[in-house]
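Excluded from the calculations below are hydrogen atoms, water molecules and symmetry mates; all remaining heavy atoms, backbone and side chain alike, are included. In what follows, chains are A, B, ... by sequence order, proteins preceding strands, each numbered from 1.
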Amino acid sequence: MKMLQEALREIQRGSAEIIDIERVEKLLKAYFDEGKTYTVKAGFDPTAPDLHFGHTVLLQKLATFQKYGATIQFLIGDFTAQIGDPTGKSVTRKTLSALQIQENAKSYKEQVFKILDPNMTEIVFNSEWINALGASGMLSLTTTYNVARMLERDDFDKRYKSGTSISISEFIYPLLQGYDSVHLKSDIEIGGTDQKFNLLMGRHLQRAYEIGKEQSVLMMPILEGLDGVQKMSKSLNNYIGVADAPNDMFGKVLSISDALMWRYYELLSAKSLNEIEALKSGVANGSLHPKSVKEELSMEIVERFHSKEAAQNAKDEFERVHSNSQIPTDIEEFSCNEEIWIAKALVDCNMAPSTSQARRDIKQGAVKINQEKISDEQLQLSSGEYILQVGKRKFAKLKVN
RNA sequence: GGUGAGAUAGUCAAGUGGCCAACGACGGCGGACUGUAAAUCCGCUCCCUACGGGUUCAGAGGUUCGACUCCUCUUCUCACCA
């Protein structure tokens, strides 16, 4: 009984909304009492296999479910990708070749199994059953819903009212996503809050097709990016990529604000709620320094995506560079063949976008050569080796021949 | 299809003939303080070996000694009407 309560708490952790929690509770109870497993579905887009931490929020939740007896239906929407989820922006998507999809799927696996247990995960492609549906199957799918209800979806509603075009195929998208749940007989589906309409469609269609169950739906919030305000996204450049190098990953996590750290703990850490509570009260009563708590999170994360050694190295490296202001161990090396003007050198080493900026940096005292701050904008570097530094984070080694 | 409004640096947004490389805000970068946190303070933020020069205000022409500012055309965006 206590186990059940704890499991429920972990499952609800960080979620934005859960529909039909009673059913989730029943599934968990059946698992604890009789060892009965159940299925949790989550859909992913085959076009974007390079994940950032925003995506891993869902994966983390799936991992929690696995802990409590779920088999994950990791669905790659290779068919639905041809339509594109109706956002209003994307017009027509180019279709991916079977080969590309296979490659993307492979790279998904590499990244995803750092979080999920492969033994409790099925990777499925929805083209398999949707192609088999045929024209008549598709037709009968469309009879389960009507236009008025379809227009309830927020973005359809807005676009319809503002007179922006909505293609019929876009109406099909939620239906197909819902049909996936029919075919897979999913017990639970999880997705982002923006997916609510589509997720509920799964419930509707499971009822319409009388498969004898209606999936519960769990929605996760959108993860804030490093700035703590806007959603994590590549285009805003406030993201941590799953494939980021250990040192970058470590530094990025450590650079988030203290408030955001708890959010990241909640959504990204594999630590239990009880452990996190302990950390929180430790910080509150002063027995733990917030920085060390943040370091712990950074370590955990780097370890998950790389290795324990990498995490330790990242930490050591970080301390060396920032606490003791020494030079990082591996820095990019450049070389040139003749005496070079310092501003030009900074541009050539990708440390400044223009000589104008390089001059400004020098004027502001941001540039160091071999740990020494310089102020002469006209400085010429004659032959030798130099460690160049701009600000706190940018380093390069330059060899002048 | 008709009418009206608009397009300015990464974003928002001033500027309606010279004082404009262009107010301000946000973002970004650097410095101080720190825990590469937050908050705060200060500086910088088109390019160029630079007390000077070059190229910018949707695009192309024109008027003028001089245009981001005026005129013409083009492209695009928005609002209202149909």
Of I340(A) and K252(A), the one whose closest RNA chain B nucleotide lies more 5':
K252(A)

Same-atom distance (C1') from rU72(B) to rG27(B), integer angstrom:
39 Å

Of the candidates rA37(B), rA50(B), rU49(B), the side chain of Q380(A) sits closest to rU49(B)

Atom CD of E377(A) and atom P of rC51(B): how far apart are they, to the nearest Å?
10 Å

Could you tell me how far rC68(B) sits from rC57(B) if I compare only their P atoms? Round to whole Å.
7 Å

OP1 or OP2 of rA37(B) less than 4.0 angstrom from a side-chain nitrogen or oxygen of S255(A), does that happen here?
no

When the P atoms of rG6(B) and rC42(B) are considered, how many whole Å apart are they?
37 Å

Side chain of Q378(A) only, please: which of rU49(B), rG31(B), rC44(B) is the nearest?
rU49(B)

Given the 90°-from-0 boundary between syn and anti, rA50(B) should be labelled syn

For residues Q357(A) and R360(A), is any side-chain donor paired with an opposing acceptor at under 3.5 Å?
yes

For rU40(B), give its Watson-Crick or G-U wobble partner with both distances under 3.5 Å, or none.
rA32(B)

Opposite nucleotide pairing with rG27(B), Watson-Crick or G-U, both atom distances under 3.5 Å
rU45(B)

Please determine, for rU72(B), whether a Watson-Crick or G-U wobble partner exists with both distances under 3.5 Å, and give it or none.
rA60(B)

In whole angstroms, how far is the P atom of rG31(B) from the CD atom of Q389(A)?
9 Å

Rounding to a whole Å, what distance do you find between N238(A):CG and rU11(B):C1'?
15 Å

I want to verify a distance call: between rA37(B), rC47(B), rC29(B), whose nearest atom is closest to the S354(A) side chain?
rC47(B)

Between E317(A) and T329(A), a side-chain donor and acceptor under 3.5 Å
yes

Expressed in whole Å, how much space separates the C1' atoms belonging to rG1(B) and rG18(B)?
44 Å

Per atom distances to the K392(A) side chain, the nearest of rG35(B), rU49(B), rU34(B) is rU34(B)

Please give the distance between the P atoms of rC70(B) and rG53(B) as a whole number of Å.
28 Å

Main chain of L4(A), side chain of K29(A): is a donor-acceptor contact present, judged purely on distance under 3.5 Å?
no

Cation-pi check for Y31(A) against K26(A): NZ or CZ below 6.0 Å from the six-membered ring centre and within 45 degrees of the axis, yes or no?
no

Nearest to the side chain of S257(A), heavy atoms from C-beta on, is which of rG35(B), rA38(B), rC33(B)?
rA38(B)

Looking at side-chain heavy atoms only, is the closest gap between I76(A) and V124(A) below 4.5 Å?
no

E319(A) CD to rU34(B) C1', in whole Å, measures 16 Å

NA contact type, K363(A), heavy-atom cut-off 4.0 Å: base, sugar-phosphate, or nothing?
nothing

Could you tell me whether the side chain of D258(A) has a donor or acceptor atom within less than 3.5 Å of a complementary atom in the base of rG35(B)?
yes

Proximity to the side chain of K394(A) - top-ranked nucleotide from rG35(B), rG30(B), rU34(B):
rG30(B)

By the 4.0 Å heavy-atom rule, please label I256(A) as base, sugar-phosphate, or nothing.
sugar-phosphate

Can you measure L346(A) atom CG to rC48(B) atom P for me and round it to whole angstrom units?
12 Å

Centroid-to-centroid, F74(A) to Y108(A), below 6.0 Å?
yes

Starting at the 5' end of RNA chain B, which residue's closest nucleotide do you reach first, G251(A) or D361(A)?
D361(A)

What does rA5(B) pair with, Watson-Crick or G-U, if both distances are under 3.5 Å?
rU77(B)

Any donor-acceptor N/O pair, R359(A) side chain to A343(A) backbone, under 3.5 Å
no

May I have the distance from D227(A) (atom CG) to rA38(B) (atom P), rounded to whole angstrom?
11 Å

What integer number of Å spans the C1' atoms of rA58(B) and rA7(B)?
6 Å

Report yes if at least one side-chain N or O of R263(A) is closer than 4.0 Å to OP1 or OP2 of rA37(B); otherwise report no.
no

Could you let me know what rG18(B) is paired to, Watson-Crick or G-U wobble, both distances under 3.5 Å, or none if it's on its own?
rC65(B)

If I take atom CG in residue L226(A) and atom P in nucleotide rA38(B), what distance separates them, rounded to the nearest angstrom?
11 Å

I362(A) has an atom CD1; how far is it from atom C1' of rA50(B), in whole Å?
13 Å

Compare the minimum distances between each of rC47(B), rU49(B), rA37(B) and the side chain of R359(A), then state the nucleotide with the smallest one.
rU49(B)

Where do R13(A) and E266(A) land on the side-chain contact (heavy atoms from CB on, under 4.5 Å) test, with the steps shown first?
CA-CA 7 Å; R13(A) 161 178 172 182; E266(A) 180 179 43; 4.0 Å; yes

Please state the C1' separation for the pair rA32(B) and rA38(B) - nearest whole angstrom.
16 Å

Could you tell me whether the side chain of Q364(A) has a donor or acceptor atom within less than 3.5 Å of a complementary atom in the base of rG31(B)?
no

In whole Å, what separates the P atom of rA25(B) from that of rU40(B)?
14 Å

For rA50(B), which nucleotide is its Watson-Crick or G-U wobble mate, given both distances must be under 3.5 Å?
none

